[in-house]
Peer 1: 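Here you go, one structure.
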Amino acid sequence: MTDEKLHKALARLGLGSRRQMEEVIREGRVSVNGQIASIGDRVKTGDEIRVDGRLLRYSAEQEKRRRVLMYYKPEGEICSAHDPEGRPTVFERLPPLTNDRWVMVGRLDINSTGLLLFTNDGELAHRLMHPSNQIEREYAVRVLGEVTPDIARHLTTGVELDDGMAQFDSLVEKGGDGINKWYQVQLKEGRNREVRRLFESQGLKVSRLLRIRYGTVSLPRELRTGRYVELDRSEIDRLANLVGLRPRQGTGLYGIAKRRQERQQQKPLKARRSNHLRRNKPR
C-alpha cells in the first residue's frame, strides 16, 4: 500500500502550504493513529489523522482523482462557505463530494462576477494562489470616468496602495458609450479588491468587474451565471503543470464524469447561448 509524507498529505487536503503543515506538526497539533506526529512521518489509507483533535478524511494521492470546477459567480454571492448574515454563498450551487471538500481558488468581492475555480486538491489551490507563482488573472472592467494616457501609464508602471505597490501588467481599452468605458486588464496578484482600488487611486469608479481568466482557464462564453463546468483531464493537467505539480494517474472516472456533466448541463447552456452572449457583449 502506497504511503506519503504527512505534511504533504495535510497540504493536499487544503489545510495550508507544506511549510505551514510542518510547523503545525512541530507544534504537536497532529496525531496519527492516536500518537502525536513528528516531522518526517508517513501516512497511508486507513490511518486515523487528526489535527487539533479534528478527524480528517484521508485517501492516498494515487487513489484520489484531482478535480477542478470553473464557476461563473453572479453578483450578490459571498465567497465563503457560510455567511452569518444569511446571504447566498458560492458553495451552495456546487456538486456535493463524498469524503472530500471543495477548496476555493482566490476570491471575488460580493459586487464582482466571473470566473472562480474550485478544486478538491488543496496543494493545487495553494500553489495557484501563492504570490510566488505569479499566476495571471484577467478581468473585463467597466469604468466610470476617463482613463487618460497619464492615468494608464500610472496604472501600468505602479501605484502606491495602502498595502504596497501595485500595477496592471496590461490595460487595453475595449470601447463603450459615453463616460462608461470597458477595459481589459491583467495582473499577477490577488490582493483584496486590488483591481477596484487601482482605478480608485486615480479618481475613477469601477461600475462592473468580471473575471474572465485565471491562469490557463478562461470563462466560457456559453456558461451562464450561477453555473459550473468541470474541467477535463487535459485542462486540469495544464493547470497543475503551471504550478509545477505532476499529473495524476488516470482512474477511468474522467470520461464518465465528463459525459454525465454534458448530459446535465451542456444542453441547457447551448439553448441559451445567444442571449448570454448579448448580455456579455463588452467582453
Side-chain angles (χ1 to χ4, degrees), residues 2 4 6 8-18 21 30 43-74 77-83 87-108 115-129 214-215 217 219-220 223-240 243 245-266 268-269:
T2 304
E4 67 177 317
L6 176 59
K8 178 184 176 183
L10 295 177
R12 186 166 55 78
L13 292 172
L15 301 182
S17 69
R18 295 187 189 186
M21 291 304 97
V30 183
V43 291
K44 60 184 181 299
T45 300
D47 285 343
E48 180 186 278
I49 305 172
R50 293 181 181 269
V51 176
D52 295 330
R54 179 168 63 90
L55 180 64
L56 302 180
R57 298 186 181 275
Y58 168 77
S59 60
E61 184 175 15
Q62 290 82 357
E63 300 172 4
K64 180 176 176 179
R65 179 168 61 97
R66 179 182 283 150
R67 300 177 65 183
V68 179
L69 301 179
M70 59 172 115
Y71 175 68
Y72 193 157
K73 176 193 175 299
E77 285 189 352
I78 301 295
C79 284
S80 176
H82 305 284
D83 181 62
R87 293 170 294 185
T89 79
V90 295
F91 285 88
E92 293 173 8
R93 302 180 195 248
L94 303 185
L97 291 175
T98 302
N99 298 331
D100 212 343
R101 65 170 184 157
W102 293 117
V103 181
M104 182 169 56
V105 178
R107 304 174 68 88
L108 288 170
L115 177 63
L116 276 177
L117 297 179
F118 293 86
T119 178
N120 66 336
D121 186 334
E123 177 73 3
L124 174 61
H126 174 76
R127 292 195 185 195
L128 287 170
M129 291 184 286
Y214 198 111
V217 180
L219 186 68
L223 187 62
R224 293 189 294 120
T225 57
R227 301 295 292 270
Y228 66 86
V229 170
E230 184 162 3
L231 301 189
D232 64 27
R233 184 174 176 182
S234 64
E235 293 168 326
I236 294 173
D237 288 349
R238 282 197 297 272
L239 196 61
V243 292
L245 287 177
R246 292 179 299 175
R248 294 271 177 85
Q249 294 298 315
T251 63
L253 295 177
Y254 284 89
I256 296 172
K258 187 71 174 177
R259 289 194 295 273
R260 183 186 301 122
Q261 176 182 285
E262 288 170 352
R263 289 196 299 270
Q264 293 176 348
Q265 294 207 87
Q266 287 186 1
L269 290 177

Peer 1: What distance separates Leu124 CG from Leu239 CG, expressed to the nearest 0.5 Å?
Peer 2: 5.5 Å

Peer 1: Grab the two heavy atoms, one from Thr119 and one from Ala125, that are nearest each other, plus how far apart they are.
Peer 2: CG2-CB, 3.7 Å

Peer 1: Quick one: closest heavy-atom pair of Leu115 and Val217, and the distance?
Peer 2: CD2-O, 3.3 Å

Peer 1: Taking atom CG of Leu69 and atom CG of Leu231, what is their separation to the nearest 0.5 Å?
Peer 2: 7.5 Å

Peer 1: Which heavy atom of Gly106 sits nearest a heavy atom of Leu116, and at what distance?
Peer 2: O-CD2, 4.1 Å

Peer 1: Just by modelled atom types, is the Ile49 backbone N or O under 3.5 Å from a matching donor or acceptor in the Asp47 side chain?
Peer 2: no

Peer 1: Drop me the distance from Arg65's CZ to Ile236's CD1, to the nearest 0.5 angstrom.
Peer 2: 7.5 Å

Peer 1: Which pair of non-hydrogen atoms, one from Pro247 and one from Arg66, has the smallest distance, and what is that distance?
Peer 2: CA-NH1, 4.1 Å

Peer 1: What's the spacing between Tyr228 OH and Leu94 CG if we round to 0.5 Å?
Peer 2: 8.0 Å

Peer 1: Could you pull out the closest heavy-atom pair between His126 and Ser17, with the gap in Å?
Peer 2: NE2-CB, 2.9 Å

Peer 1: Could you go through Tyr214 and Met70, starting from their C-alpha distance and side-chain angles, then the distance that decides it, and tell me whether this counts as side-chain contact (heavy atoms from CB on, under 4.5 Å)?
Peer 2: CA-CA 10 Å; Tyr214 198 111; Met70 59 172 115; over 6 Å; no

Peer 1: Does Arg101 have any side-chain contact (heavy atoms from CB on, under 4.5 Å) partners at least two apart in sequence or in another chain, and if so, which?
Peer 2: Leu15, Val103

Peer 1: So Glu230 and Pro95, do their side chains get closer than 4.5 Å, heavy atoms only?
Peer 2: no

Peer 1: Check step by step if side-chain contact (heavy atoms from CB on, under 4.5 Å) holds for Leu10 and Leu56.
Peer 2: CA-CA 9 Å; Leu10 295 177; Leu56 302 180; 3.5 Å; yes

Peer 1: Quick one: list whatever passes side-chain contact (heavy atoms from CB on, under 4.5 Å) with Arg18, sequence neighbours left out.
Peer 2: His7, Lys8, Ala11, Glu123, Arg127

Peer 1: List the atom of Val43, the atom of Ala9, and the distance in Å for their closest heavy-atom pair.
Peer 2: CG2-CB, 4.0 Å

Peer 1: Restricting to side-chain contact (heavy atoms from CB on, under 4.5 Å), what partner residues turn up for Pro74, sequence neighbours left out?
Peer 2: Tyr71, Glu77, Arg93, Thr225

Peer 1: Go through Arg67 and Asp100 one step at a time and tell me if the side-chain contact (heavy atoms from CB on, under 4.5 Å) criterion holds.
Peer 2: CA-CA 11 Å; Arg67 300 177 65 183; Asp100 212 343; over 6 Å; no

Peer 1: Any side-chain heavy atom of Thr89 within less than 4.5 Å of one from His82?
Peer 2: no

